[in-house]
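Some notes on the structure that comes next.
Each residue takes its place number in the sequence, starting with 1.
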Amino acid sequence: MKKIVFVCLGNICRSPMAEFVMKSLTDQIEVESRATSSWEHGNPIHRGTQAIFKKHGISYDPHKSSQQISAKDFAKFDYIIAMDESNLNDLRAMLPKNCQDKLYQFADRSVPDPWYTGDFDETYDLIVKGCQAWLTKLEMK
Ligand code: 4NP
């Protein structure tokens, strides 16, 4: 089974949204999410993202808490997927040379951060489209 990890800055808004949207679309991929930073370490999924899950009937783990990506993760996952360009640049600097080919950006356009925009619906729409595109890319459809 392919192992993928979605990565954003805080691991409380966008990457957990992508994790549980992807899990709602397939059980044929192992999916997790992480942060580039330790800023939100141990904190729960943002209530705006939890509201989106409830609005769209997406199951999620209410006990999931923010976790910074680690060297162990770099080895574990086959696809390390950055939610925006800044996450991509941060990961490029963090990843060992032999893992750089696992690194991807989620979509051509950076996924806006609702931490700053306040617009969780816009982010959700882009994440659903992006996850569907990843399923096709991973030939899971
Ligand atoms: P995320 O959003 O990267 O989509 O989880 C953010 C969450 C927290 C912060 C920034 C962005 N923060 O500054 O703590």
Side-chain angles (χ1 to χ4, degrees), residues 1-138 140-141:
M1 194 136 81
K2 283 174 185 141
K3 298 188 183 79
I4 73 175
V5 62
F6 295 115
V7 188
C8 62
L9 180 58
N11 190 215
I12 59 168
C13 296
R14 292 164 298 169
S15 61
M17 198 186 287
E19 174 184 349
F20 292 104
V21 165
M22 192 59 126
K23 283 177 171 159
S24 77
L25 297 173
T26 182
D27 56 7
Q28 300 300 306
I29 306 175
E30 198 176 312
V31 192
E32 294 186 40
S33 65
R34 297 285 187 274
T36 54
S37 76
S38 59
W39 299 353
E40 295 288 345
H41 178 79
N43 287 340
I45 297 174
H46 193 286
R47 74 177 106 80
T49 290
Q50 295 200 39
I52 284 284
F53 292 148
K54 287 172 190 149
K55 182 171 170 180
H56 296 279
I58 292 167
S59 322
Y60 69 101
D61 175 4
H63 303 296
K64 193 238 162 359
S65 63
S66 173
Q67 204 180 322
Q68 188 176 25
I69 197 157
S70 69
K72 239 187 184 173
D73 295 324
F74 298 152
K76 170 178 175 177
F77 292 101
D78 305 308
Y79 293 81
I80 298 169
I81 304 173
M83 301 307 295
D84 70 21
E85 201 179 343
S86 142
N87 308 146
L88 184 74
N89 290 334
D90 289 344
L91 286 164
R92 195 170 283 133
M94 294 164 89
L95 280 167
K97 256 195 194 134
N98 66 347
C99 292
Q100 293 283 337
D101 62 346
K102 298 179 172 187
L103 186 55
Y104 298 85
Q105 191 169 323
F106 182 74
D108 293 341
R109 197 185 136 197
S110 287
V111 177
D113 192 343
W115 175 266
Y116 300 110
T117 66
D119 192 343
F120 287 82
D121 292 295
E122 176 199 29
T123 293
Y124 172 76
D125 289 344
L126 291 168
I127 282 179
V128 169
K129 285 194 189 99
C131 283
Q132 286 164 344
W134 270 99
L135 275 184
T136 306
K137 185 168 171 164
L138 298 169
M140 306 303 294
K141 235 178 154 180

(request) Supply the atom-to-atom distance E19 CD to T49 OG1, rounded to the nearest 0.5 angstrom. (result) 11.5 Å

(message) Could you measure the distance from the CZ atom of F74 to the CG atom of L103? Nearest 0.5 Å is fine.
(response) 9.5 Å

(request) Search all heavy atoms of M22 against all heavy atoms of V31 and return the closest pair with its distance. (result) CG-CG2, 3.9 Å

(request) Would you name the heavy atoms of C131 and F6 that are closest together and state the gap between them? (result) SG-CZ, 4.4 Å

(message) Rounded to the nearest 0.5 Å, what separates atom CG in L138 from atom CD1 in I4?
(response) 6.0 Å

(message) Determine whether I69 and N11 satisfy the following criterion, side-chain contact (heavy atoms from CB on, under 4.5 Å), listing intermediate values before the conclusion.
(response) CA-CA 10 Å; I69 197 157; N11 190 215; over 6 Å; no

(message) With salt bridge (Lys or Arg N to Asp or Glu O under 4.0 Å) as the rule and sequence neighbours excluded, what pairs involving residues 48-65 come up?
(response) K55-D121

Which pairs of donor and acceptor atoms, one on a side chain in residues 93-100, lie under 3.5 Å apart (sequence neighbours left out)?
| residue | atom | partner | partner atom | Å |
| --- | --- | --- | --- | --- |
| Q100 | NE2 | R92 | O | 2.8 |
| Q100 | NE2 | L95 | O | 3.0 |

(request) Would you please name every residue forming a ring pair (Phe, Tyr, Trp, His ring centres under 6.0 Å) with H41, sequence neighbours left out? (result) none

(message) Restricting to non-hydrogen atoms, name the atom on C13 and the atom on P114 that form the minimum distance, rounded to 0.1 Å.
(response) CB-CG, 3.9 Å

(message) Can you list everything that forms a ring pair (Phe, Tyr, Trp, His ring centres under 6.0 Å) with Y60? Sequence neighbours excluded, please.
(response) F53

(message) Let's go through Q28 and L135 carefully: what are the C-alpha distance in whole Å and the side-chain angles of both, what is the deciding distance for side-chain contact (heavy atoms from CB on, under 4.5 Å) to 0.1 Å, and is it a yes or a no?
(response) CA-CA 10 Å; Q28 300 300 306; L135 275 184; over 6 Å; no

(message) Could you measure the distance from the CD1 atom of I80 to the CG atom of D101? Nearest 0.5 Å is fine.
(response) 9.0 Å

Tabulate below the donor-acceptor pairs under 3.5 Å that side-chain atoms of residues 106-113 make, not counting sequence neighbours, or state none.
| residue | atom | partner | partner atom | Å |
| --- | --- | --- | --- | --- |
| S110 | OG | E85 | N | 2.9 |
| D113 | OD1 | W115 | N | 3.0 |
| D113 | OD2 | R14 | NH2 | 3.2 |

(message) For residues 26-48, which residue pairs pass the salt bridge (Lys or Arg N to Asp or Glu O under 4.0 Å) check, not counting sequence neighbours?
(response) E32-R34, E32-K76, R34-D73

(request) Assess the side chains of S66 and N43: does a donor N or O sit below 3.5 Å from an acceptor N or O? (result) no

(request) Provide the closest heavy-atom pair for C8 versus S15 in the form atom of the first, atom of the second, distance. (result) SG-OG, 3.0 Å

(request) Can you measure from CD (Q132) to NZ (K137) and round to the nearest 0.5 angstrom? (result) 15.5 Å

(message) Any side-chain to backbone donor/acceptor pair from H56 onto I58? Under 3.5 Å, distance only.
(response) no

(request) Kindly give the heavy-atom pair with the smallest separation between V7 and A35, and that separation in Å. (result) CG1-C, 3.9 Å

(request) Answer yes if the side chains of D84 and N87 hold a donor-acceptor pair under 3.5 Å, and no otherwise. (result) yes

(request) Considering non-hydrogen atoms only, spot the tightest contact between K102 and F77 and give its length. (result) NZ-O, 2.9 Å

